[in-house]
Amino acid sequence: MKLAGKIALVTGGSRGIGRAVVHALAKEGAKVAFTYNSNEEAANGLVKELELDQREAVAFKADAANGERAVEVVNAVVEKWGKIDILVNNAGIIRDNLLVRMGEDEWMDVINTNLNSIFHYCKAAVTHMMSARYGRVVNISSVAGRYGNPGQTNYAATKGGIDGFSRCLAYEMGKRNITVNSIAPGFIATDMTEAIRNAAGKEIKKQIAVRRLGEPEDIANAALFLASDEASYITGQILTVDGGLTLGSGM
Ligand code: NAP
C-alpha cells in the first residue's frame with residue numbers, strides 16, 4: 001500500500017482518466033475525494049464501487065470553473081479527513097472550432113474549466129499542504145499544449161498554460177516538500193475522444209509507436225507514481241504519456 005494514510009482529491013474523477021486515477025490511488029490505500037460536474041449517476045456509482053472494495057471515497061458536485069466552490073471542496077476534504085496530501089487536477093473539456101469560427105463562449109468555457117480551475121484548486125490545496133510540509137500536485141495537461149492541433153486554439157492554450165503553471169509552482173513549493181508535475185497524455189480512449197476514434201481510430205493507431213490507443217489506466221499509473229513518495233525528487237516536470245505518438249512525427 002504505497003499511499004496508506006494519504007488523502008487525495010481528484011477533479012473530474014467520475015469518468016475517463018479521472019476515474020482511473022481515483023481507482024489507482026484508492027487501491028494503494030489513499031482516501032479519495034473527487035469532483036464531477038453533472039453526471040451524478042456515474043459519480044455515485046464510483047463511490048459505491050469503491051466502498052464495496054472497502055475503500056473510503058466521497059464525491060462532490062463542483063463545476064471546476066467555479067473558484068468559490070473549489071475552496072469549499074478543498075476545505076471540506078480537510079474538515080472530513082484532517083489534511084490533503086495529493087491533488088490531481090484532471091477536469092477538462094474540449095470545445096473545438098477553428099479560431100475564425102470560435103465564439104467567445106467556446107474560448108471562455110475552456111479557459112475557465114481547464115486552466116482557471118488549476119489556479120483555484122492549487123491555491124486552495126497548497127495552503128494546507130504548506131502547513132503540513134507535504135504535498136503532491138499532479139496536473140493533467142495534453143500533448144496538444146506542446147504540439148497543437150487545428151481547431152484547438154482554446155484547448156491547447158489551456159494545456160500549454162498548465163505546463164508553465166506547474167513549472168512555476170514547483171519552484172515556489174520545492175522547499176516545503178511539495179512537488180508539482182504535469183502529465184501530458186496523448187490519445188486516450190475515453191468519452192472525450194469517442195467521436196474522433198469512431199471517425200479515424202485506425203489512422204490514429206498507425207501514428208502511435210506502440211500501435212494502440214492509450215487506456216485511462218496508462219495515465220493513472222503515471223499519476224500514481226508522481227503522487228507517491230518514490231517520486232519525491234521529481235518536480236516541475238512534464239511527463240508525456242502517449243505511446244510514442246509525438247516521437248519524431250512532426251507532431
Ligand atoms: P472525459 O472522459 O470527458 O471525462 C471528464 C471528467 O471530467 C468527467 O468525470 C466529468 O464529469 C468531469 N468534468 C467535465 N467538466 C467538468 C467541470 N466543469 N467540472 C468538474 N468536472 C468536470 O475526459 P477524459 O478524456 O477522461 O479527460 C480527462 C483529462 O485528461 C482532461 O483534462 C483532458 O483534457 C485530458 N486529456 C485527455 C486526453 C484524451 O485523449 N482523452 C488527452 C490528453 C489530455 P461529468 O461526467 O459530471 O461531466
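First listed ligand is number 1; within each ligand, the first listed atom is number 1.
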Decide whether His23 and Glu217 meet the rule of one side-chain donor and one side-chain acceptor closer than 3.5 Å.
no
For a quick check under 3.5 Å, do Ser166 and Asn139 share a side-chain donor-acceptor pair by atom type?
yes
Could you see if Leu245 belongs to whatever hydrophobic cluster contains Ile219? Use Ile, Leu, Val, Met, Phe, Trp, Tyr and a side-chain cutoff under 4.5 Å.
no
Can you confirm whether the side chains of Tyr134 and Asp229 place a donor and an acceptor under 3.5 Å from each other?
yes
Distance filter under 4.0 Å, heavy atoms only, around ligand 1 gives Gly12, Ser14, Arg15, Gly16, Ile17, Tyr36, Asn37, Ser38, Asn39, Ala62, Asp63, Ala64, Asn90, Ala91, Gly92, Ile93, Thr113, Ile140, Ser141, Ser142, Tyr155, Lys159, Pro185, Gly186, Phe187, Ile188, Thr190, Asp191, Met192, Thr193
Classify the side-chain pair Asn75/His128 by whether it contains a donor and acceptor separated by less than 3.5 Å.
yes
Could Arg146 and Asp163 be called an ion pair, given the rule that one side-chain N must be under 4.0 Å from one carboxylate O?
no
